[in-house]
Peer 1: 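Here's a structure for you.
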Amino acid sequence: MTLHARILGAAAGGGLPQWNCGCTNCNLARAGAIPAQTQSSVAVSGNGRDWAILNASPDIREQMARTPELHPTGLRDLPLRSVLVTNGDIDHVAGLLVLRESQSFTLFATPEIHAVLGANPIFDALRPDCVTRAPVALDTPFELAPELSAQLFAVPGKVPLYLEGEEVVTDLEGEQTVGVELRAGGSRAFYIPGCAKLTPALAARLKGADLVMFDGTLWSDDEMIAAGLSAKTGQRMGHISISGPEGSLAAFERLGVPKRIFVHMNNSNPALRPDSEERARIEAAGWIIGQDGMEVRL
Ligand code: MLT
Ligand code: MN
Ligand code: ZN
């Protein structure tokens, strides 16, 4: 048994390039000058045969097509055992609609996220006789796939954009935004694509893990405002920044995690440019900028 992860999509919602975006990074990606990245998803396995997908991005069709481990092994036999979603955001659930071809798998999420999906009849396209919707309680281990155990835990975040009311709490801790702890063959890994801040409790949980794939949405909190792309800060979107005294680089400094990979990068993030100063600072701090197709074995 060995924990095996493959990043299917390293970008945040929108991807790189984003369809309607003419920012520097999106234009560079369109021109082929920097690598394009698809939307937020990771495939994981504890034995190299049975796989689970963490977050179903709208790009899942293309992501599965270019990942041999996930290809059919028979007419309708797939190594995919389950799909888990960490929140109800469109970049993490829209891909479920692509998986509607009468294929069996288990859909794991918290009861609150299942309620969000259940309230939207379009997801009934996942036929109940094929797709088992399994609600998972926080802080309770379960089998995500054969020889791969997982546990969900609350991380500070917010409700999906399409469910935001007048008042938005951006560091809510409950069932709306979760991280995933994975265990296989004595290794411990975490996948946390959305997180508003690294609380002391979360830091204690991550301490000494073998691998953390973490929210790398933005380099700096006002990055989208400065680029003229949006009026929102990272905090308003429920995402911690990489840089700054409260940022993830600083927060992880003493956590003793040997392998740290940023995922869910927004297309505005300068670290998506391999020659940027920000990428150099991130790499100097021992982090890796996730890329589509990147593989980790523990
Ligand atoms: C996010 O990560 O903040 C969301 O995916 C944003 C969105 O829904 O577009
Ligand atoms: Mn997102
Ligand atoms: Zn852009």
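Side chains are part of it too, since the values below use all heavy atoms of this structure and drop only hydrogens, waters and symmetry mates. Read the numbers this way: they start at 1 and go in the same order the structure lists the ligands and their atoms.
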Peer 1: Would you mind checking if Glu283 and Arg281 are paired as a salt bridge, meaning a charged N to carboxylate O distance below 4.0 Å?
Peer 2: no

Peer 1: Please determine whether residues Phe214 and Val42 belong to a single hydrophobic cluster, defined as Ile, Leu, Val, Met, Phe, Trp and Tyr linked transitively by side-chain heavy-atom distances below 4.5 Å.
Peer 2: no

Peer 1: Taking Glu147 first and then Arg49, would you say they form a salt bridge - that is, a charged N and a carboxylate O separated by under 4.0 Å?
Peer 2: yes

Peer 1: Using a heavy-atom cut-off of under 4.0 Å, does the side chain or the backbone of His92 touch ligand 1, or both, or neither?
Peer 2: neither

Peer 1: Around the Mn ion (ligand 2), what protein N, O or S atoms are found below 2.8 Å?
Peer 2: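 N, O, S partners closer than 2.8 Å: Asp91 OD2, His264 NE2.
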
Peer 1: How close does the nearest protein non-hydrogen atom get to atom 6 (C) of ligand 1, and which residue and atom is it?
Peer 2: Asp89 OD2, 4.5 Å

Peer 1: How far apart are the C-alpha atoms of Gln235 and Asp221, what are their side-chain angles, what is the distance that settles it, and do they pass the side-chain hydrogen bond (donor to acceptor under 3.5 Å, both in side chains) test?
Peer 2: CA-CA 7 Å; Gln235 279 303 302; Asp221 195 50; 4.6 Å; no

Peer 1: Looking at SG of Cys23 and CG of Asn20, how far apart are the two atoms once the value is rounded to the nearest 0.5 Å?
Peer 2: 10.0 Å

Peer 1: Could you go through the side-chain hydrogen bond (donor to acceptor under 3.5 Å, both in side chains) check for Gln39 and Asp59 one step at a time?
Peer 2: CA-CA 6 Å; Gln39 297 170 81; Asp59 300 319; 3.0 Å; yes

Peer 1: Under 3.5 Å, side chain of Thr177 to main-chain N/O of Val155, donor-acceptor pair present?
Peer 2: no

Peer 1: Can you tell me which residue and heavy atom of the protein come closest to atom 9 (O) of ligand 1, and the distance to 0.1 Å?
Peer 2: Leu161 CD2, 4.1 Å

Peer 1: Which protein N, O or S atoms lie under 2.8 Å from the Zn ion (ligand 3)?
Peer 2: Cys21 SG, Cys23 SG, Cys26 SG, Asn267 OD1

Peer 1: Is Ser276 reaching over with its side chain to a backbone N or O of Pro270, donor-acceptor style, under 3.5 angstrom?
Peer 2: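 Judged by distance alone, yes, a pair lies under 3.5 Å.
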
Peer 1: Can you check which of Lys158, His239, Met237, Arg236 brings a heavy atom nearest to atom 1 (C) of ligand 1?
Peer 2: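 Checking each option, the heavy atom nearest atom 1 (C) of ligand 1 is found in His239.
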
Peer 1: Decide, yes or no, whether a salt bridge links Arg279 with Glu277 under the criterion of side-chain N to carboxylate O below 4.0 Å.
Peer 2: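 Looking at Arg279 and Glu277, the cut-off is not met.
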
Peer 1: Considering only heavy atoms of Asp91, which atoms of ligand 1 have at least one such atom less than 4.0 Å away?
Peer 2: 5 (O)

Peer 1: Which atoms of ligand 1 are found less than 4.0 Å from any heavy atom of His264?
Peer 2: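 In order of numbering, the contacting atoms are 2 (O).
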
Peer 1: Below 4.5 Å, heavy atoms only, C-beta onward: do Lys158 and Leu172 meet side chain to side chain?
Peer 2: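 When only atoms from C-beta onward are counted, Leu172 and Lys158 do not touch, as no gap falls below 4.5 Å.
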
Peer 1: Under a 4.0 Å threshold between the charged nitrogen and the carboxylate oxygen, would Asp210 count as salt-bridged to Arg188?
Peer 2: no

Peer 1: Does this structure show an ion pair linking Arg236 with Glu164, if we count only N-O contacts that are shorter than 4.0 Å?
Peer 2: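 Looking at Arg236 and Glu164, the cut-off is met.
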
